[in-house]
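Structure record follows, encoded as structure tokens.
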Amino acid sequence: DFTDLPNNHTKIKSKPMELYDHLLGENSGYERLAKPAGVTLVGLQLQLVQIVQLDQKNQLMKTSTWPTSLWHDSRLSWNESKYDVDIIRVPSSKVWLPGIVLINNVDGKFDVSFACNVLINYTGDVMWVPPSLYQSSCPLDARFFPYDTQSCNMTFVAWSGEIDKVMITDATQQSYNDTNVYYDNTEWGISDIPVTINNWTLPGTNIVYSAVTFQFLLYRKPLFHECTLVIPCLILTGLPLLSFCLPRNTQGRITLPISTVVALTLPLLNVSKVLPHSSDGTPFILKLIIFTEIMATLLVIISVVFLNIDRRSPATHKLQGWVRAVFINTLPRYLWMQGRHKDKRKNTEEATRNLFYSDGTIFANQGPTVHLNEPVLNLSPGLDEAEARKLDPKTTEAIALVNYIANHFKEDYEFCIVNNDWNYVAAVYDKLCFIIVALVTVVGTLQIFLTIPHIPERAPYSVFRF
């Protein structure tokens with residue numbers, strides 16, 4: 001109410017204003033560029049608000065924090081009873097600051113994001129809590145992606161003076177489990193944040209500064225990457241095995257593994273967008289993709305060899321004895337396959353009997369039988385070669401034609417037998433390769449997964465829950 005002011009409009013100062021003039025006024029003698037006398041002991045507390053981003057491609061971590069600096073400046077103390085004020089807030093640009101800066105930043109901003117007011121207690125204790133958004137370097141270990149853990153450091157240095165003038169003696173990490181302050185990250189969780197007080201030497205000099213390092217131990221929540229990378233890669237790993245279930249004459253036995261290799265380009269593109277181009281180690285997911293590509297390529301080779309064997313015939317290849325001994329007489333009993341019996345040739349030969357009578361009648365339903373390897377001229381009982389020559393020309397010509405037909409059936413029969421043997425060899429080879437490839441695929445995939453260290457914290461965020 002301005003009616004209460006004196007007529008001369010004399011300016012009335014409040015107690016806080018008088019205290020401000022006493023401490024920081026023109027006649028106070030306070031110099032903000034000069035540090036307090038003696039060794040200034042600084043306490044540092046870091047309240048983590050949120051892990052905004054962990055950029056794996058560029059290997060940097062972006063965090064929102066409240067770094068709290070605590071120190072004592074005897075020049076800023078006063079008599080509480082005189083001014084009836086125990087705490088005063090002043091702009092940070094008016095007082096001396098310990099100059100706590102983040103050394104391993106990547107954006108060139110060493111200072112805080114917002115220079116808020118400083119809280120000064122009547123005893124001379126000063127507290128400064130500026131909200132800050134830091135971007136710090138974080139070398140990432142991508143060997144177990146997406147089941148990896150990372151260790152990212154934030155190193156703060158008291159830049160306003162050497163260690164014999166400004167020393168960080170106490171540094172603590174306030175609880176990041178406080179849901180009123182900390183906002184959880186959807187991709188990363190925090191295991192712990194240990195704190196280490198050490199010394200930092202300016203490169204190229206002997207100047208030593210007091211420093212503190214906050215080590216962020218992070219673990220990834222793998223659910224998203226499991227659904228978009230791990231599970232599709234597992235499906236593609238087993239998909240080429242279905243080529244063994246396709247008919248032998250189909251082209252899919254070759255095109256299916258090739259299609260699998262082509263389909264793996266999508267996970268490769270996703271991984272290349274996420275992970276850094278580093279040669280320090282091979283990520284777990286890349287091992288799985290490379291293993292799948294190798295197995296798919298091997299299946300293409302196996303399918304080519306299978307089709308080559310399956311299409312062999314007596315006209316192009318001779319069935320070697322060792323092939324018959326291994327693939328027809330030995331392996332089928334160990335592969336749970338029905339073997340080719342030795343009497344099959346006899347059974348097939350019996351089916352070709354009863355073609356002719358001894359008197360030359362063709363395709364009779366009854367009478368004496370004939371073997372294909374016997375000359376037709378000797379079929380009639382008691383008819384020798386001399387008597388056969390006495391036959392009339394028509395009969396001789398008929399007998400010659402019958403011999404030609406019998407020889408044709410015999411050659412066709414032998415051709416079919418050997419051709420079927422080649423088909424059987426191809427079937428045995430195919431099943432043997434299926435068993436070997438299936439075992440290698442299962443064992444190799446398990447071996448790749450078993451290299452991942454067990455991290456209990458990530459279990460609630462994983463499909464596999466291990």
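- In summary, of the residues considered (Phe306, Tyr429, Phe244), a ring pair (Phe, Tyr, Trp, His ring centres under 6.0 Å) with Phe434 occurs for Phe244 alone.
- Within the structure, the ring pair (Phe, Tyr, Trp, His ring centres under 6.0 Å) test picks out no pair touching residues 34-64 (sequence neighbours left out).
- We find that Asp73 and Arg32 are not joined by a salt bridge, their nearest charged nitrogen and carboxylate oxygen being 4.0 Å or further apart.
- Counting non-hydrogen atoms of neighbouring residues, nucleotides and ligands closer than 6.0 angstrom, the CG atom of Asp84 reaches no more than 12 such neighbours.
- The line from CD of Glu80 to CD1 of Ile87 is 9.5 Å long, rounded to the nearest 0.5 Å.
- Using modelled atom types and a 3.5 Å distance limit, the side chains of Ser151 and Gln215 yield a donor-acceptor pair.
- Judged by distance alone, with hydrogens and angles left aside, the side-chain atoms of Gln59 form a donor-acceptor pair with the main-chain N or O of Leu140 at under 3.5 Å.
- Using a distance-only test at 3.5 Å, with no hydrogens or angles considered, a donor-acceptor pair links the side chain of Gln150 to the main chain of Asp141.
- Thr196 and Asn198 are not linked by any side-chain donor-acceptor pair at a separation below 3.5 angstrom, with hydrogens and angles left out of the test.
- Thr237 and Thr292 share a side-chain donor-acceptor pair at under 3.5 Å.
- There is no side-chain donor-acceptor pair under 3.5 Å between Asp86 and Asn121.
- The aromatic rings of Trp159 and Tyr209 lie parallel to each other, with less than 30° between the two planes, well short of the 60° mark.
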(Q) Using the rule given for ring pair (Phe, Tyr, Trp, His ring centres under 6.0 Å), can you reason through Phe327 versus Tyr424, listing the C-alpha separation, both sets of side-chain angles and the distance that settles it, and then say yes or no? (A) CA-CA 8 Å; Phe327 288 92; Tyr424 188 73; 9.8 Å; no
Steps toward ring pair (Phe, Tyr, Trp, His ring centres under 6.0 Å) verdict (His225, Tyr147): CA-CA 9 Å; His225 295 291; Tyr147 300 101; 9.6 Å; no
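- Heavy atoms only, all atoms of each residue included: Asn104 and Thr155 are closest at OD1-N, 3.2 Å.
- With respect to the salt-bridge test (charged N to carboxylate O, under 4.0 angstrom), the residues Asp421 and Arg324 qualify.
- Not one N or O on the side chain of Ser210 forms a donor-acceptor pair closer than 3.5 Å with the backbone of Met167.
- Partner of His22 under the ring pair (Phe, Tyr, Trp, His ring centres under 6.0 Å) criterion, out of Tyr83, Tyr30, Tyr122: Tyr83 alone.
- Ser81 and Asn79 share a donor-acceptor pair across their side chains, judged by distance under 3.5 Å alone.
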